[in-house]
Amino acid sequence: MRIIITRLAEKGVRDNSVCEKYGHTAKIFSPLKAELNPSLAQSFVLSANDGEFDAIFFTSAYPAQKISPLLDKNITKKCRVIAIGPQTEKILHENGIAAEVLDSFYSKDFVPYLGDWIENKKIALPRADVPNKPLINAIEDAGGMAFEYRCYKLVPTGDVLDVSDSDAVMFTSANSFKQAKLPDLSGKVLIAIGEITAEAMKDAGVSPDVVGDGSLEGTLKELNKFLKI
């Protein structure tokens, strides 16, 4: 199938090779673009390199790509570095930062992953300028201290999604669904990369045919089950 994948252009560089592995082709559509805030990014890097944090949680590949090259390569001697998934971990590794990886692809599983260790620990979160109160509350409720650095904005591009040459559309985040200017999607296989995205679609009256596990590969596996390939 030809699948349109909605995500930041910077995050889509590996999508086509992964899709080909499962017998599909990918086309990236970006309803949002990222704009880095250099001063906030620098503030995070200076604090991290000075050893002010006990852990850093990269919730997305974008800050890993843009910010991790500026981090001290020995930073894991000072604190734990945790990636939300293998793609983010791979980018960190390519930039010389060894990282742990969550067992799932959801930020809600971050605190359970750390367990009792999190108590009295300072947790840095270089992330997008969008609210994630459940994550912050979970860290604080577990006795940790959250330090958010909302170092990049997600700005709508205003581009209209063209599905004329596609068989399926995959939405990779709730924001990428909400901000996309959608045409008539009748006859297309609609895919949510995970539960949170699926809920956003359902809230808007759009029922996904396929719901993944939060990762591209896991979602393609579910798609192939749906297609009985």
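The structure presented is a predicted model; accordingly, all values stated were derived computationally and were not measured. Below, all heavy atoms of this structure are taken into account, side chains as well, without hydrogens, waters or symmetry copies. Sequential numbering from 1 along the given sequence is applied to the chain's residues.
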*Evaluate side-chain hydrogen bond (donor to acceptor under 3.5 Å, both in side chains) for S39 paired with N37, printing each intermediate quantity in order.*
CA-CA 6 Å; S39 62; N37 183 320; 2.7 Å; yes
_Assess the residue pair S30 and T6 against the criterion (side chain to side chain contact (heavy atoms under 4.5 Å, CB included)); give the C-alpha distance rounded to whole Å, side-chain angles, the decisive distance to 0.1 Å, and a yes or no._
CA-CA 6 Å; S30 300; T6 67; over 6 Å; no
_Quick one, S60 with Y152, criterion side chain to side chain contact (heavy atoms under 4.5 Å, CB included). Give me CA distance, side-chain angles, the key distance, then yes/no._
CA-CA 11 Å; S60 170; Y152 66 101; 3.6 Å; yes
*Decide side chain to side chain contact (heavy atoms under 4.5 Å, CB included) for R127 and R150; before the verdict, give the C-alpha distance in whole Å, the side-chain angles of both, and the deciding distance to 0.1 Å.*
CA-CA 5 Å; R127 53 183 304 273; R150 296 193 185 184; 4.0 Å; yes
*For N175 and S173, what are the C-alpha separation, side-chain angles and deciding distance, and is it a side-chain hydrogen bond (donor to acceptor under 3.5 Å, both in side chains)?*
CA-CA 5 Å; N175 272 336; S173 70; 5.7 Å; no
*Where do R7 and L216 land on the side chain to side chain contact (heavy atoms under 4.5 Å, CB included) test, with the steps shown first?*
CA-CA 11 Å; R7 63 158 90 241; L216 178 58; 4.3 Å; yes
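Taking a 6.0 Å sphere around NZ of K153, one finds it holds 12 or fewer heavy atoms contributed by other residues, nucleotides or ligands. No more than 12 heavy atoms of other residues, nucleotides or ligands lie within 6.0 Å of NZ in K178, so this atom counts as exposed by the packing criterion. Annotation: D50, atom CG; neighbour count of heavy atoms from other residues, nucleotides and ligands within 6.0 Å is above 12. Around the CD atom of E140, the shell of radius 6.0 Å holds more than 12 heavy atoms that belong to other residues, nucleotides or ligands. By the neighbour-count criterion of 12 heavy atoms within 6.0 Å, atom NZ of K121 is densely surrounded, having more than that number from other residues, nucleotides or ligands. Counting non-hydrogen atoms of neighbouring residues, nucleotides and ligands closer than 6.0 angstrom, the NZ atom of K73 exceeds 12 such neighbours.
Side-chain contact between D129 and L154 is absent, with no heavy-atom pair separated by less than 4.5 Å. D165 has its side chain within reach of R2: a pair of non-hydrogen atoms, C-beta onward, lies under 4.5 Å apart. Counting only heavy atoms from C-beta outward, the side chains of N74 and K77 approach each other to under 4.5 Å. In this structure, L32 and V155 have side chains that are not in contact, with every pair of non-hydrogen atoms separated by 4.5 Å or more. Residues E199 and E195 have side chains not in contact (no heavy-atom distance under 4.5 Å, counting atoms from C-beta outward).
Atom-to-atom distance recorded for N132:CG and S107:OG is 4.5 Å, nearest 0.5 angstrom. If you take SG on C151 and NZ on K66, they are separated by 12.0 Å, rounding to the nearest 0.5 Å. For the atom pair CD of Q87 and OG of S215, the computed distance is 10.0 Å after rounding to the nearest 0.5 Å. Interatomic distance, E100 CD to L92 CG, rounded to the nearest 0.5 Å: 11.5 Å.
Follow the hydrophobic side-chain contacts under 4.5 Å out from L70 and you never reach L40; the two are in separate clusters. At a threshold of 4.5 Å between side-chain heavy atoms, the hydrophobic network of Ile, Leu, Val, Met, Phe, Trp and Tyr places F147 and I75 in one connected group. L71 and L46 are not part of a single hydrophobic cluster, where members link through side-chain heavy atoms under 4.5 Å apart.
Using a cut-off of 4.0 Å between Lys/Arg side-chain N and Asp/Glu carboxylate O, D167 and K188 are scored as not salt-bridged. Between E217 and K21 there is a salt bridge, since at least one side-chain N of the basic residue sits less than 4.0 Å from a carboxylate O of the acidic one. With respect to the salt-bridge test (charged N to carboxylate O, under 4.0 angstrom), the residues E52 and K122 do not qualify.
When all heavy atoms of E89 and A99 are compared, the closest pair comes out as CG-O, 3.9 Å. When all heavy atoms are compared, the tightest approach of A198 to V211 is CB-CG2, 3.9 Å. Pairing each heavy atom of I5 with each of A26, the nearest pair is CD1-CB, 3.9 Å. Taking both residues in full, the closest heavy atoms of I191 and A168 are given as CD1-CB, 4.0 Å, listed atom of the first, atom of the second, then distance. Contact record, A200 with A174: CB-CB, 3.7 Å, taken as the closest heavy-atom pair. Taking both residues in full, the closest heavy atoms of P126 and I67 are given as CB-CD1, 4.4 Å, listed atom of the first, atom of the second, then distance.
Looking only at distances, no side-chain donor or acceptor of T197 sits under 3.5 Å from a matching main-chain atom of I193. Between the side chain of N95 and the backbone N or O of I97, no donor-acceptor pair lies under 3.5 Å. Of the possible donor and acceptor atoms, none in the side chain of D159 sits under 3.5 Å from a partner among the backbone N and O of K181. In this structure, the side chain of D109 does not engage the main chain of F105 through any donor-acceptor pair within 3.5 Å.
Counting side-chain heavy-atom gaps under 4.5 Å among Ile, Leu, Val, Met, Phe, Trp and Tyr, the cluster of I4 also holds F29, L161, V163, V169, F171, F177, L182, L185, L190, M201, V206. Grouping Ile, Leu, Val, Met, Phe, Trp and Tyr by side-chain contacts under 4.5 Å, direct or through others, puts Y113 with F57, I82, I84, L102, F110, V111, L114, W117, I118, I123, L125, L135, I136, I139.
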Going by atom type alone, with no hydrogens or angles, which donor-acceptor pairs under 3.5 Å involve a side-chain atom of residues 220-229 and a protein atom two or more places apart or on another chain?
from: E222; atom 1: OE2; to: K225; atom 2: NZ; distance (Å): 3.3
from: N224; atom 1: OD1; to: H24; atom 2: NE2; distance (Å): 2.6
from: N224; atom 1: ND2; to: Y22; atom 2: O; distance (Å): 3.2

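Using bins of under 30°, 30° to 60° and over 60° for the plane-to-plane angle, the ring pair F44/F58 lands in the perpendicular bin.
The only option from D72, D54, N49 that meets the side chain to side chain donor-acceptor pair (under 3.5 Å) definition with K78 turns out to be D72.
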